[in-house]
Amino acid sequence: MIAFVSGPVAALAPTTAVIEVGGIGMAVQCAPGTLAALRVGQEARLATSLVVREDSLTLYGFADDDERQVFELLQTASGVGPRLAQAMLAVHSPDALRLAVSTGDEKALTAVPGIGKKGAQKLLLELRDRLGAPRGATVGRQAGAAAAASWSDQLHAALIGLGYAGREAEEAVAQVTPEAEAALAAGSRPPVPQLLRAALQSLNRTR
């Protein structure tokens, strides 16, 4: 198993970072929040999980070991593959997921693209004894609200990291703001992965 990769960031894409390790470029699938913290040419260390399939080897990258551990635990639930597990971590932090599961917060799980009401209920049952209690010193509604409020900064940083100019990033964030505000009004956290895709589409249309 490849536990982590460390080296300069060679390239960034909407879902992938390429880390140069010993002269080899390792393509690592990352959530938008992880990608937003990376910069081409700068050193990075990502905790990783290698997913082996008959026809592919895919390396998933995370900001820290805790995210990686939760990613792997999520996949012990029936119907949860690596893509859905990564989507859950793109929307919620590890502690937010632990809090949602420990309190039976169905609404928090349905905020993840691809999880409906029945799926959320099933996940709450299966993960209850697997994720454990939140580890943060202060976890609650305020932490969730702060995370939701930071969606625009996260999205802006991700676009800058992908090579767009500051003004382009600001315009793209403005384009998707109505969608994000609608999610907030419904009591959900803005879906950053979806917003990033929509922002990139708006940038491509203007070029």
Side-chain angles (χ1 to χ4, degrees), residues 1-75 80-94 97 112-114 147 150-176 190-207:
M1 177 182 175
I2 302 174
F4 70 90
V5 295
S6 178
V9 179
L12 292 171
T15 60
T16 308
V18 178
I19 309 297
E20 184 179 340
V21 182
I24 298 173
M26 304 286 285
V28 186
Q29 297 288 317
C30 301
T34 302
L35 290 170
L38 304 178
R39 296 291 181 273
V40 173
Q42 293 185 3
E43 292 287 323
R45 183 186 188 279
L46 297 176
T48 57
S49 178
L50 181 63
V51 176
V52 180
R53 296 287 185 263
E54 289 185 4
D55 58 348
S56 67
L57 294 172
T58 306
L59 198 60
Y60 288 85
F62 310 92
D64 54 41
D65 292 336
D66 189 30
E67 277 194 8
R68 191 258 312 281
Q69 181 183 16
V70 171
F71 171 79
E72 293 174 347
L73 286 172
L74 290 172
Q75 292 176 75
V80 179
R83 291 187 181 278
L84 183 56
Q86 190 179 55
M88 294 172 74
L89 284 165
V91 175
H92 298 295
S93 68
L97 283 172
V112 178
S150 69
W151 72 266
S152 59
D153 292 336
Q154 189 178 25
L155 183 58
H156 187 274
L159 291 168
I160 295 296
L162 290 171
Y164 289 97
R167 184 172 180 179
E168 288 180 309
E170 291 170 6
E171 291 175 351
V173 170
Q175 286 288 329
V176 301
V192 174
Q194 287 179 259
L195 294 173
L196 179 58
R197 285 194 292 271
L200 289 170
Q201 288 173 358
S202 71
L203 286 166
N204 289 335
R205 285 196 299 268
T206 59
R207 286 191 166 186

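The structure presented is a predicted model; accordingly, all values stated were derived computationally and were not measured. Excluded from the calculations below are hydrogen atoms, water molecules and symmetry mates; all remaining heavy atoms, backbone and side chain alike, are included.
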Is any side-chain heavy atom of Leu38 closer than 4.5 Å to one of Leu12?
yes
Going through the checks in order, is the side-chain contact (heavy atoms from CB on, under 4.5 Å) test met by Val5 and Arg45?
CA-CA 6 Å; Val5 295; Arg45 183 186 188 279; over 6 Å; no
What is the minimum heavy-atom distance between Ala31 and Gln86, and which atoms define it?
N-NE2, 3.6 Å
Minimum heavy-atom separation for Met88 to Leu74, with atom names?
CE-CD2, 3.8 Å
Using every non-hydrogen atom in the two residues, find where Thr34 and Ala63 come nearest and quote the distance to one decimal.
OG1-N, 3.9 Å
Assess the residue pair Thr48 and Met26 against the criterion (side-chain contact (heavy atoms from CB on, under 4.5 Å)); give the C-alpha distance rounded to whole Å, side-chain angles, the decisive distance to 0.1 Å, and a yes or no.
CA-CA 11 Å; Thr48 57; Met26 304 286 285; over 6 Å; no
Nearest 0.5 angstrom please: Phe62 CZ to Glu67 CD, how far?
7.5 Å
Going by heavy atoms in the side chains, are Ile19 and Val9 under 4.5 Å from each other?
yes
Here the gap from Leu200 atom CG to Gln175 atom CD, rounded to the nearest 0.5 Å, amounts to 12.5 Å
Any heavy-atom pair between the side chains of Gln69 and Leu73 that's under 4.5 Å?
yes
Is the shortest side-chain heavy-atom distance between Gln29 and Leu59 below 4.5 Å?
no
Looking at Val176 and Ala199, what are the two nearest heavy atoms and their distance?
CG1-N, 3.7 Å
What distance separates Glu20 CD from Ser6 OG, expressed to the nearest 0.5 Å?
11.5 Å
Can you tell me how far CD of Glu168 sits from OG of Ser202, rounded to the nearest 0.5 angstrom?
10.0 Å
Which heavy atom in Ala47 sits nearest to a heavy atom in Asp65, and how many Å separate them?
CB-OD1, 3.4 Å
Closest non-hydrogen contact found for Leu35 with Pro14 is CD1-O, 3.1 Å
Do Arg53 and Pro82 come within less than 4.5 Å of each other through their side chains, counting heavy atoms only?
yes
Working note: Cys30 + Leu46, criterion side-chain contact (heavy atoms from CB on, under 4.5 Å); need CA distance, chi angles, decisive distance, verdict.
CA-CA 9 Å; Cys30 301; Leu46 297 176; 3.9 Å; yes
Does the pair Arg83 and Tyr60 meet the rule for a side-chain contact (heavy atoms from CB on, under 4.5 Å), with working shown?
CA-CA 9 Å; Arg83 291 187 181 278; Tyr60 288 85; 4.0 Å; yes
Could you tell me the separation between the CD atom of Glu72 and the OG atom of Ser49, rounded to the nearest 0.5 Å?
3.5 Å
CG-CZ distance between Leu89 and Phe71, expressed to the nearest 0.5 angstrom
8.0 Å
